[in-house]
Amino acid sequence: MIDPFTEDVLPGGASGELVFTSLTKEALPIIRYRTRDLTRLLPGTARSMRRIEKVAGRSDDMVILRGVNLFPTQIEELILRVPGLSPHFQLVLSRPLRLDELSVRVEARADAAATEQRAAAERELTSLIKQRVGVTVAVEVLEPDLIERSAGKAQRLVDLR
């Protein structure tokens, strides 16, 4: 286990990022393979294998949505292709029933004020995400300046599961 930010080795039982090291493989030795999964090692038992706790989260922004690995930067790239949309967006991940659902909240540009332009941008972004990423999402085009801004790293993902 390592600290995901400083990459320092953590003491036994501490929560951190799971890292694999296998020096016995001759063809492909794996030295500090970072999984980006956050968990902790459980105390040793009479078993020959170490056990880990249930994975609590990830140290990066990746989301697994219906079996598809999705990064917020993939959505950002597609948003920048649509002319009527600004780069300010937020991904809302929820689980209303049994399956995870993703909705993309994105601001319209100030010059794209017409309702039909926003509806066209919404349809275009929905189609682009389905084609490029492979998942169906709900897209909501908002008025300019409605998504919260932050001085540091922008909070792109809101997990409501």
Side-chain angles (χ1 to χ4, degrees), residues 1-10 13-20 30 32-42 52-161:
M1 302 308 253
I2 64 168
D3 185 314
F5 303 108
T6 63
E7 298 183 14
D8 294 334
V9 177
L10 296 174
S15 294
E17 183 179 335
L18 182 63
V19 176
F20 292 113
I30 299 173
R32 292 193 96 174
Y33 175 77
R34 297 182 67 174
T35 62
R36 301 285 183 186
D37 292 330
L38 297 175
T39 186
R40 73 180 184 98
L41 290 175
L42 296 175
I52 63 169
E53 199 172 61
K54 180 180 170 187
V55 174
R58 293 194 49 90
S59 62
D60 61 358
D61 292 340
M62 187 184 83
V63 175
I64 300 175
L65 179 66
R66 297 185 203 140
V68 177
N69 295 351
L70 175 72
F71 287 94
T73 53
Q74 290 174 292
I75 302 296
E76 182 177 24
E77 177 185 321
L78 298 175
I79 288 172
L80 294 175
R81 291 184 181 183
V82 180
L85 301 178
S86 75
H88 303 290
F89 70 97
Q90 198 171 45
L91 305 177
V92 180
L93 192 60
S94 62
R95 186 180 293 149
L97 298 173
R98 290 182 172 225
L99 292 176
D100 292 341
E101 292 183 6
L102 181 71
S103 60
V104 179
R105 300 175 70 224
V106 60
E107 291 180 0
R109 289 188 190 266
D111 57 350
T115 307
E116 59 273 358
Q117 287 179 332
R118 291 182 185 181
E122 188 175 299
R123 286 190 302 273
E124 185 179 351
L125 182 59
T126 304
S127 175
L128 277 173
I129 293 172
K130 178 65 177 172
Q131 289 172 4
R132 301 284 181 180
V133 180
V135 292
T136 303
V137 300
V139 175
E140 182 182 1
V141 178
L142 305 172
E143 297 287 328
D145 300 323
L146 283 183
I147 294 178
E148 182 182 332
R149 309 290 199 273
S150 62
K153 183 178 177 185
Q155 183 66 31
R156 299 286 191 204
L157 183 67
V158 177
D159 195 347
L160 303 176
R161 296 180 290 177

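Nothing fancy with the numbering, it's 1 onward along the sequence.
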Separation between CD of Gln90 and OG of Ser103, rounded to the nearest 0.5 Å: 9.0 Å
Ser86 to Ile79 - nearest heavy-atom pair and separation: O-CG2, 3.4 Å
Has the side chain of Ser127 got a donor or acceptor atom that lies under 3.5 Å from a matching backbone atom of Arg123? no
Looking at CZ of Arg105 and CG of Leu142, how far apart are the two atoms once the value is rounded to the nearest 0.5 Å? 5.0 Å
Among residues at least two apart in sequence or on other chains, which ones pass salt bridge (charged side-chain N to carboxylate O under 4.0 Å, His left out) with Arg34? Glu7, Glu17
Is the closest side-chain heavy-atom distance between Glu101 and Arg66 below 4.5 Å? yes
With the side chain counted from C-beta on, respond yes when Pro83 and Gln117 share a heavy-atom pair under 4.5 Å apart, and no when they do not. no
Here the pair of heavy atoms bringing Val104 nearest to Ile129 is CG2-CD1, 4.2 Å
In short, Val63 meets Leu157 closest at the heavy-atom pair CG2-CD2, 3.3 Å
Name all residues meeting the salt bridge (charged side-chain N to carboxylate O under 4.0 Å, His left out) criterion together with Asp100; count only those two or more places apart in sequence or in a different chain, and write none if there are none. Arg95, Arg161
Checking Thr6 against Asp8: is there a side-chain donor and acceptor pair closer than 3.5 Å? yes
Report yes if the side chains of Glu143 and Arg118 come closer than 4.5 Å at any heavy-atom pair, otherwise no. yes
Can you name the closest pair of heavy atoms from Ile52 and Leu18 and give their distance? CD1-CD2, 4.0 Å
So CG of Asp37 and CE of Met62: to nearest 0.5 Å the spacing works out to 7.5 Å
For the residue pair Val106 and Val82, establish whether any side-chain heavy-atom pair is separated by less than 4.5 Å. no
Please report the closest heavy-atom contact between Glu53 and Thr39, naming both atoms and the distance. O-OG1, 2.7 Å
Do Glu76 and Arg156 come within less than 4.5 Å of each other through their side chains, counting heavy atoms only? yes
Exam field: side chain Ser94 to backbone Leu160, donor-acceptor pair closer than 3.5 Å: no
Please tell me if the side chains of Pro87 and Leu80 come closer than 4.5 Å, counting only heavy atoms from C-beta onward. yes
Can you tell me how far the NE2 atom of His88 sits from the CD1 atom of Ile147, to the nearest 0.5 Å? 8.5 Å
Heavy-atom closest pair (Phe5 atom, Asp3 atom, distance to 0.1 Å) is N-OD1, 2.8 Å
Considering only heavy atoms from C-beta outward, does the side chain of Leu70 approach that of Leu102 to under 4.5 Å? yes
